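Working notes for the structure below.
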Amino acid sequence: MSIRSPILEEKRSDQGGLFGTEAAPRPRPKLPSISPWSPIDALEEERAAVGFYLSGHPLSAFEDELQRQQIEPAIKLLEEEDVGSRVLLMAGVVRDVTNRRSKSGKPFAWITLSDQSAEFEVTAFSETLERFRDVLAPGTPLILSVTAEDQNGGLRLTLESVRPLKESTPTGAGHLAITVAEPGALLSLKASLKACNAGDTMGDTALILPLPDQACEVVLRLPEDFRANAASRGVVQKIDGVGRVDLLP
């Protein structure tokens with residue numbers, strides 16, 4: 001007479017029960033080795049996942065260039081009571097492009113963009129749309145020439161021309177000088193700089209550690225594993241305990 005043992009059968013099957021005995025250990029699966037996202041790619045993945053940017057904004061990497069060109073935040077224009085009619089430069093990252101056709105059958109599009117201050121919409125009519133369609137892709141940082149005018153109690157922005165923001169800067173490389181206000185920021189800073197260290201246009205990184213008791217500061221040049229560039233700046237600035245983050249030529 002044979003005796004059937006559920007416990008023995010469970011062990012032989014290499015399967016574990018909810019309340020049974022331990023099954024034979026299985027080797028852990030090997031995860032693929034992948035390159036870390038660049039800071040801008042990481043922000044775009046955030047936007048794709050939840051619909052908005054969580055840890056920063058892609059335009060933060062271009063603050064110096066936007067200031068040099070005297071491009072003001074969108075919110076300043078949107079809050080003006082009397083815009084009148086004028087042509088000006090704006091900067092934004094494309095969020096969505098909605099294609100439409102006019103009554104005469106000509107294509108046009110409503111382009112939704114955002115900067116660090118607000119979300120705004122620009123209308124591109126047929127000739128302009130056809131000319132610049134290739135750069136009007138979601139996630140692309142742009143400098144736009146627009147005509148702003150009051151219309152029916154609201155603000156209408158019409159696209160005149162556009163160019164990728166990266167073409168406005170002489171190079172993506174640069175040297176980051178990071179002032180550490182709180183020692184607790186160092187671990188997060190280490191992880192962020194490691195993740196940012198991807199690509200060819202990377203520059204040196206230096207940490208500035210203020211010593212108030214000694215009325216001085218210490219400057220530490222980091223090794224190559226912690227090289228960064230302009231795109232890293234916006235991510236680093238969001239870390240708690242980090243003070244100023246300067247991009248040096």
Side-chain angles (χ1 to χ4, degrees), residues 31-50 52-73 75 91-93 114-117 139-141 143 164-249:
L31 299 178
S33 177
I34 59 174
S35 301
W37 288 325
S38 70
I40 289 182
D41 288 341
L43 289 171
E44 189 55 31
E45 290 293 335
E46 290 178 359
R47 185 199 64 80
V50 299
F52 53 89
Y53 300 109
L54 285 171
S55 59
H57 193 280
L59 288 192
S60 297
F62 304 98
E63 285 183 359
D64 291 338
E65 178 64 17
L66 298 181
Q67 290 177 9
R68 187 183 70 80
Q69 297 199 42
Q70 299 181 335
I71 298 177
E72 296 181 337
I75 192 66
V93 176
S114 72
D115 68 2
Q116 301 98 313
S117 68
T140 307
I143 288 182
L165 183 52
K166 63 182 180 181
E167 292 183 359
S168 304
T169 56
T171 176
H175 305 290
L176 285 189
I178 304 168
T179 300
V180 180
E182 300 291 340
L186 291 175
L187 287 178
S188 297
L189 190 56
K190 176 182 178 181
S192 293
L193 288 174
K194 280 266 191 179
C196 290
N197 191 3
D200 297 327
T201 57
M202 310 301 291
D204 294 331
T205 304
L207 292 187
I208 301 174
L209 307 176
L211 301 177
D213 295 341
Q214 305 295 326
C216 65
E217 57 188 24
V218 175
V219 180
L220 300 176
R221 182 176 176 180
L222 300 184
E224 291 189 357
D225 287 349
F226 301 97
R227 288 164 64 84
N229 61 9
S232 314
R233 185 182 185 187
V235 176
V236 171
Q237 283 180 324
K238 297 294 181 180
I239 298 175
D240 290 336
V242 169
R244 292 186 53 179
V245 181
D246 296 312
L247 181 64
L248 307 177

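The figures that follow rest on heavy atoms only: side chains count, while hydrogens, waters and symmetry mates do not. Keep in mind the model is a prediction, meaning the values are calculated, not measured.
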Next on the checklist: Which residue in the set Pro141, Ser60, Pro58, Pro73 passes side-chain contact (heavy atoms from CB on, under 4.5 Å) when paired with Asp115?
Outcome noted: Pro73
Checklist entry - Which pair of non-hydrogen atoms, one from Pro210 and one from Pro212, has the smallest distance, and what is that distance? => result O-CD, 3.4 Å
Checklist entry - If you round to the nearest 0.5 Å, how far is CG of Leu176 from CG of Leu222? => result 10.0 Å
Next on the checklist: Applying side-chain contact (heavy atoms from CB on, under 4.5 Å), can you list everything that pairs with Leu186, at least two apart in sequence or on another chain?
Outcome noted: Val180, Leu207
Item to check | Minimal non-hydrogen separation, Ala91 against Ile71, with atom names | outcome: N-CG2, 3.7 Å
Checklist entry - Looking only at heavy atoms, which two atoms of Leu59 and Ser114 are closest? And how far apart? => result CD1-O, 4.2 Å
Checklist entry - Residues two or more places apart in sequence or in another chain: which of them pass salt bridge (Lys or Arg N to Asp or Glu O under 4.0 Å) with Glu217? => result none
Next on the checklist: Give me each pair satisfying salt bridge (Lys or Arg N to Asp or Glu O under 4.0 Å) with a member in residues 176-193, each pair once, sequence neighbours excluded.
Outcome noted: none
Item to check | SB check Glu65 Arg68 (cutoff 4.0 Å) | outcome: yes
Checklist entry - Under the 3.5 angstrom rule, does the side chain of Ser117 hit a backbone N or O of Ile75 as a donor-acceptor pair? => result yes
Next on the checklist: Counting neighbours of CG on Leu220 that are heavy atoms of other residues, nucleotides or ligands and sit closer than 6.0 Å, is the number greater than 12?
Outcome noted: yes
Checklist entry - Can you name the nearest heavy-atom pair linking Val245 to Val236, along with the distance? => result CG2-CG1, 3.9 Å
Next on the checklist: Taking Phe226's backbone N and O only, do any of them form a donor-acceptor pair with Thr205's side chain (distance below 3.5 Å, no angle check)?
Outcome noted: yes
Checklist entry - side chain to side chain donor-acceptor pair (under 3.5 Å) with Thr179: which residues, sequence neighbours excluded? => result none
